[in-house]
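All remarks here apply to the structure that follows.
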Protein chains: 2
Amino acid sequence: MVMKKSFGIKDIAKMLGISVSTVSRALRDAYDVNPETKKRVLELTEKLNFKLNKNASALASGNTKNIGVVIPFITNYYFSTVISGIQEEAYNQGYNIILYVTNDDIEREKKLIENIATSSLDGLLISISSNSHIVEHFETMMRSGLPIVFFDRVPQHIQASKVVQSDFDGAYQATTYLIEKGYDRIAHIAGPSELSFTQERLRGYLQAHTDAKVPHHKEYVIFSGFGQSHGFDDTKALLSLPQPPNAIFAVNDRKAVGAIQALNQACIRVGQDFGVIGFTNDPISTVIEPNLTTIEEPAFEIGRQSCQLLIRHIKNKDFEPREILIPGRLIERQSVRSD
Amino acid sequence: MVMKKSFGIKDIAKMLGISVSTVSRALRDAYDVNPETKKRVLELTEKLNFKLNKNASALASGNTKNIGVVIPFITNYYFSTVISGIQEEAYNQGYNIILYVTNDDIEREKKLIENIATSSLDGLLISISSNSHIVEHFETMMRSGLPIVFFDRVPQHIQASKVVQSDFDGAYQATTYLIEKGYDRIAHIAGPSELSFTQERLRGYLQAHTDAKVPHHKEYVIFSGFGQSHGFDDTKALLSLPQPPNAIFAVNDRKAVGAIQALNQACIRVGQDFGVIGFTNDPISTVIEPNLTTIEEPAFEIGRQSCQLLIRHIKNKDFEPREILIPGRLIERQSVRSD
DNA sequence: TAAAAAAATCTAAACGTTTATTCGGTGTAG
DNA sequence: CTACACCGAATAAACGTTTAGATTTTTTTA
């Protein structure tokens, strides 16, 4: 194994007959270095395709140019799109992203956060596990001084920057739309009740009823998991009520799809007698029949803006935490009647 | 900003009254260090929640414990599942993964590969862009001595470790299945013709015809993109042929879904008069009506094994390149008749 | 019991940057 | 003509590990 001794800033300096510090400054600052010298350095490094050793510079300067991303899943349209957004912004600003997946398991999340080598990170982007009531591990991490931005699934009682879609608003839009289309018995099949966004969406759903002066029945709200099968089962349960609903607002598109399948199976005409609306704008919305009307979640934008915000925190440690709310958009398709 | 001076191995050594080298070895090797001493070190570092500085140790040792992953997309069931597999293996073996996304753009891919800081990576996992005929950038990278494993979309003429699903075999299975079910005019809606896996799937499709002695018509093979809309359009084209096919084998599930939509629209009874089979086992297979019969791609396993193979290369630079072929599995649903 | 071997630990030199400080020139003001 | 400021560049000390090789201590062997 002939490891050719690595070629460094020192060699560049020697070749140019100048000192390493000058090369180092030429490669970054522009400050305090003659434009002419700088040009010579850049030309040579370009020609030799020379790259700084990241470990050495991270060690000396304390900046790694790495951002950690902690998420529950990636096999999921929403999260993978968020990552795309993060990636895009990071790439443009010269940061790399290091990926950590918790599998939505609080134990793994804790272990992971505890073992994260903060020395190799300039900052952290986190979307917490569903059942993450416990947040001490985040707090100790934050106390260590590492900049953190939470996105999508955020802890309630932590003072930190957060980026989320406007769940209340989206749910309000969705519900109001159903009411406008003439549905008067609207159910909501929700997610796990602990998660802040299921609470927010529920709140929007209720507020829309209040504002439109449409009475609301408690038994029309069901909390369960996020899967297609949960949507299916919840809908079955709703249909067997003495007075079943005539519309469903689902917490996400997967559950909405499950709902439509249950309705199709019961020979109820979705998009006419019965309205269904989802949340996300997952690609499955255009494969289910009838195509699903839904609230589009700005996943890419959430990723991009979280990353942008984090980089601000990294560059300026005094930057004040802020919360960014990104609105969703109603996308009309065929699962709600159109007149 | 009170940056509390970072606490290092040196402080541990002082507290224990031993030298730094002993601490360093205790923290890794076990070799040449008294078990008793080792225990003391581990207890203290545990108690203080001490972590080595990754940059310093990478600089000194040359090992970063980071693996780079280069992929075309992540907003896609297949790739995100592959990443899950990579993540899982990397996590278990104590490696971090750094993510690079090319957007399937050869220019971006080239630029990215050229700029990748090899100093921060122990190895690289790559799935190339569709139109990546040019492979010099990979070759220079490999010559630099960085271990590389290609997966899924692999370059043809490069001598390196590769992990792919058995495309030929899957396509052969799919086509044979259609023939067995009595379909005799089977079309293939393929992907971009340059990609090796579209060639392999085509080969399997053709071989199945040959082996079953079923005649095959050239105009039944159409090359185009990967999207749902491509599947839709290709199917329209096939249906307008003087003698249209009575079954379709699609290069992936998205195109199969497009095909079913076109067939539904033309009021052709999919699963009876007409058979459709896909490739991937994307979650959309269970939302389209009728549910899609397909070949499951072992995405997670591909990720896991690629990563495992790469780590072997990292640990043993003399490890010989090998190619791993992972078989797919037929999943019967309703888009092919069952008797 | 002396010599040799093995085990445990230490010393100190890397690793390749960054950056505070120093230094030498050159231009400018008094 | 001296003193001062200023610009560009050099020196050298970090940064926190790893790891040969040296050294000390302990065990084994003859």
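The sequence lines fix the lettering, A, B, ..., with proteins before strands; numbering per chain opens at 1. Worth saying up front: this structure is predicted, and the values here are computed from it rather than measured.
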> Tell me, do Ile326(A) and Gln305(A) make a side-chain contact under 4.5 Å, heavy atoms counted?
Replying inline: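 Result yes, sub-4.5 Å side-chain heavy-atom pair found.
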Grab the [atom1]-[atom2] distance between [X] and [N] for me, whole Å please.
X	N	atom1	atom2	value
Leu59(B)	dA14(C)	CG	P	14 Å
Asn55(A)	dA14(D)	CG	C1'	17 Å
Lys14(A)	dA10(D)	NZ	C1'	15 Å
Lys10(A)	dT11(D)	NZ	C1'	13 Å
Asp11(B)	dC15(D)	CG	P	11 Å
Asn63(B)	dG16(C)	CG	P	14 Å
Phe7(B)	dC15(D)	CZ	P	15 Å
Leu27(B)	dT19(D)	CG	P	13 Å

Indicate yes or no: does [X] engage [Y] in a salt bridge with an N to O separation below 4.0 Å.
X	Y	result
Arg40(B)	Glu46(B)	no
Glu114(A)	Lys111(A)	no
Asp104(B)	Arg153(B)	yes

>> Please report the end-to-end axis angle for the helix from dT1(C)-dA30(D) to dG30(C)-dC1(D), five pairs per end, rounded to 10 degrees.
In response: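 Comparing the axis at each end, I get an angle of 50°.
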Do any N or O atoms of the protein come closer than 3.5 Å to N or O atoms of nucleotides 24-28 of chain D, and which pairs are they?
none

>> List the residues meeting side chain to side chain contact (heavy atoms under 4.5 Å, CB included) with Lys315(B), not counting sequence neighbours, and say none if there are none.
In response: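 For Lys315(B), the residues satisfying side chain to side chain contact (heavy atoms under 4.5 Å, CB included) (neighbours in sequence not counted) are Gln93(B), Tyr95(B), Ile311(B).
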> What are the two closest non-hydrogen atoms of Cys307(A) and Ala90(A), and how far apart are they?
Replying inline: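 Minimum heavy-atom contact is SG-N, 3.8 Å.
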> What closest approach, in Å, do Ile116(B) and Lys51(A) show between heavy atoms, and which atom pair accounts for it?
Replying inline: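 Heavy-atom minimum between the residues: O-NZ, 4.2 Å.
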Mind listing the N/O atom pairs, protein and nucleotides 24-27 of chain C, below 3.5 Å?
none

>> For a quick check of understanding: with a heavy-atom distance under 4.0 Å over all strands, which category does Ser24(A) fall into, base, sugar-phosphate or nothing?
In response: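 Base, at least one base heavy atom under 4.0 Å.
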>> Walk along nucleotides 4-13 of chain C from 5' to 3' and tag each nucleotide B, S or - by protein heavy-atom contact under 4.0 Å, base first, then sugar-phosphate.
In response: ----SBBB--
Compile the donor-acceptor pairs under 3.5 Å between side chains in residues 117-125 of chain B and protein atoms, sequence neighbours left out, one pair per line.
| from | atom 1 | to | atom 2 | distance (Å) |
| --- | --- | --- | --- | --- |
| Ser119(B) | OG | Lys54(A) | N | 3.0 |
| Ser120(B) | OG | Ala117(B) | O | 2.9 |
| Asp122(B) | OD1 | Thr64(B) | N | 2.7 |
| Asp122(B) | OD1 | Thr64(B) | OG1 | 2.9 |
| Asp122(B) | OD2 | Thr64(B) | N | 3.3 |
| Asp122(B) | OD2 | Lys65(B) | N | 2.8 |

